[in-house]
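Heads up: numbering here begins at 1 and tracks the sequence. We use all heavy atoms of the structure for the numbers below, so side chains are in, but hydrogens, waters and symmetry mates are not.
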Amino acid sequence: QVQLVESGGGLVQAGGSLRLSCAASGGTFSSYAMGWRRQAPGKEREFVAAISRSGGTTLYANSAKGRFTISRDNAKNTVYLQIDSLKPEDTAVYYCGASSKTLIPEAGDFWGQGTQVTVSS
């Protein structure tokens with residue numbers, strides 16, 4: 001149905017910024033709420049942020065509030081995650097997901113392969 005490809009990860013020093021991108025193909029992008037999850041080494045995959053179909057509603061995990069900004073450009077079929085003031089604990093694989101039913105994409109929804117974010121101290 002929909003295919004998702006994340007990009008923009010990399011190795012950065014603490015205090016730096018990254019802008020992750022998730023390009024979608026197939027389906028109708030504007031029909032999906034989009035979100036991000038991350039999985040740090042040895043930890044469970046956790047919710048980071050979500051955005052509604054039109055971009056009018058956003059939701060963040062408590063750990064992401066203030067430093068993370070999710071946005072989308074439906075004309076480009078792309079969702080973004082801006083991360084500022086990166087901390088070593090942000091080190092994780094970041095996954096992009098799409099849901100046609102809920103604001104927060106769930107495990108059973110469509111997910112990309114992830115992009116690695118590594119933050120050095």
Chemist: Under a single-linkage definition using a 4.5 Å side-chain heavy-atom cutoff for Ile, Leu, Val, Met, Phe, Trp and Tyr, are Val119 and Val48 assigned to the same hydrophobic cluster?
Modeler: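 Yes, one cluster joins them.
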Chemist: Inspect the surroundings of CD in Glu44 and state if more than 12 heavy atoms from other residues, nucleotides or ligands are less than 6.0 Å away.
Modeler: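 No.
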Chemist: Below 4.5 Å, heavy atoms only, C-beta onward: do Tyr32 and Gln1 meet side chain to side chain?
Modeler: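 Answer yes - side chains close enough.
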Chemist: Quick one: are Ser99 and Glu106 in side-chain contact, heavy atoms under 4.5 Å?
Modeler: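 No, every pair of side-chain atoms sits at 4.5 Å or beyond.
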Chemist: For Pro88 and Ala14, work out which heavy atoms get closest and say how close.
Modeler: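 Answer, listing the atom of Pro88 first, then Ala14: CD-CB, 4.2 Å.
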Chemist: When rounded to the nearest 0.5 angstrom, what distance separates CG in Asp73 from CZ in Phe29?
Modeler: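 The distance works out to 8.0 Å.
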Chemist: Just so I know, are the side chains of Ser30 and Arg53 near enough to count as touching, which here means a heavy-atom distance under 4.5 Å?
Modeler: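 When only atoms from C-beta onward are counted, Arg53 and Ser30 do not touch, as no gap falls below 4.5 Å.
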Chemist: Under 3.5 Å, side chain of Tyr60 to main-chain N/O of Ile70, donor-acceptor pair present?
Modeler: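 Yes, because the side chain of Tyr60 sits within donor-acceptor range (under 3.5 Å) of the backbone of Ile70.
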Chemist: Tell me, do Tyr94 and Glu6 make a side-chain contact under 4.5 Å, heavy atoms counted?
Modeler: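 SC-SC contact between Tyr94 and Glu6 ruled out.
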Chemist: A side-chain contact here means heavy atoms from C-beta on lying under 4.5 Å apart; do Gln116 and Thr91 qualify?
Modeler: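 They are in contact (side-chain heavy atoms under 4.5 Å apart), so the answer is yes.
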Chemist: How far does CG of Leu4 sit from CG of Asn77, to the nearest 0.5 angstrom?
Modeler: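 One gets 10.5 Å once the value is rounded to the nearest 0.5 Å.
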Chemist: Evaluate Lys76 against Ser21 for side-chain contact (heavy atoms from CB on, under 4.5 Å), listing each step before the verdict.
Modeler: CA-CA 11 Å; Lys76 296 182 178 180; Ser21 297; over 6 Å; no
Chemist: Would you please test Ser7 and Thr115 for side-chain contact (heavy atoms from CB on, under 4.5 Å) and show each step?
Modeler: CA-CA 6 Å; Ser7 63; Thr115 184; 5.5 Å; no
Chemist: Say you draw a straight line from OG of Ser121 to NZ of Lys87; how long is it, rounded to the nearest 0.5 Å?
Modeler: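 Interatomic distance, Ser121 OG to Lys87 NZ, rounded to 0.5 Å: 13.5 Å.
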Chemist: Give a yes or no answer on whether the side chain of Arg67 reaches the backbone of Ser85 with a donor-acceptor pair at less than 3.5 Å.
Modeler: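 Yes; at least one donor-acceptor contact below 3.5 Å.
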Chemist: How long is the span from the CZ atom in Arg38 to the CD atom in Glu89, to the nearest 0.5 Å?
Modeler: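 If I round to the nearest 0.5 Å, the distance is 8.0 Å.
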Chemist: Are Ile51 and Tyr80 co-members of a hydrophobic cluster defined by side-chain heavy atoms under 4.5 Å apart?
Modeler: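 The answer is no; the residues belong to distinct hydrophobic clusters.
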Chemist: Could you tell me if the side chain of Ser52 sits less than 4.5 Å from the side chain of Leu103, heavy atoms only?
Modeler: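 They are in contact (side-chain heavy atoms under 4.5 Å apart), so the answer is yes.
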Chemist: With rounding to the nearest 0.5 Å, note down the distance linking CG in Asp90 to OG1 in Thr118.
Modeler: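 Answer for the CG-OG1 pair, Asp90 versus Thr118, is 11.0 Å.
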Chemist: Is there a continuous path of hydrophobic side-chain contacts, each under 4.5 Å between heavy atoms, that joins Leu20 to Phe68?
Modeler: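 Per the 4.5 Å side-chain linkage, Leu20 and Phe68 are co-clustered.
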Chemist: Would you say Val2 and Met34 are hydrophobically clustered, going by side-chain heavy atoms of ILVMFWY under 4.5 Å?
Modeler: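 Same cluster: Val2 reaches Met34 through Ile, Leu, Val, Met, Phe, Trp or Tyr contacts under 4.5 Å.
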Chemist: List the atom of Trp111, the atom of Arg37, and the distance in Å for their closest heavy-atom pair.
Modeler: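 Distance-wise, the nearest heavy atoms are CH2-CD, 2.8 Å.
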Chemist: Roughly how far, to the nearest 0.5 Å, is the CG atom of Leu18 from the CG atom of Leu86?
Modeler: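 CG of Leu18 is found 5.0 Å from CG of Leu86.
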Chemist: Among the clusters formed by ILVMFWY side chains lying less than 4.5 Å apart, do Val79 and Phe47 turn up in the same one?
Modeler: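 Hydrophobic grouping puts Val79 apart from Phe47.
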Chemist: Considering all heavy atoms of both residues, which atom of Pro105 and which atom of Ala50 are nearest to each other, and what is their separation?
Modeler: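 Of all heavy-atom pairs spanning Pro105 and Ala50, the closest is CD-CB, 4.4 Å.
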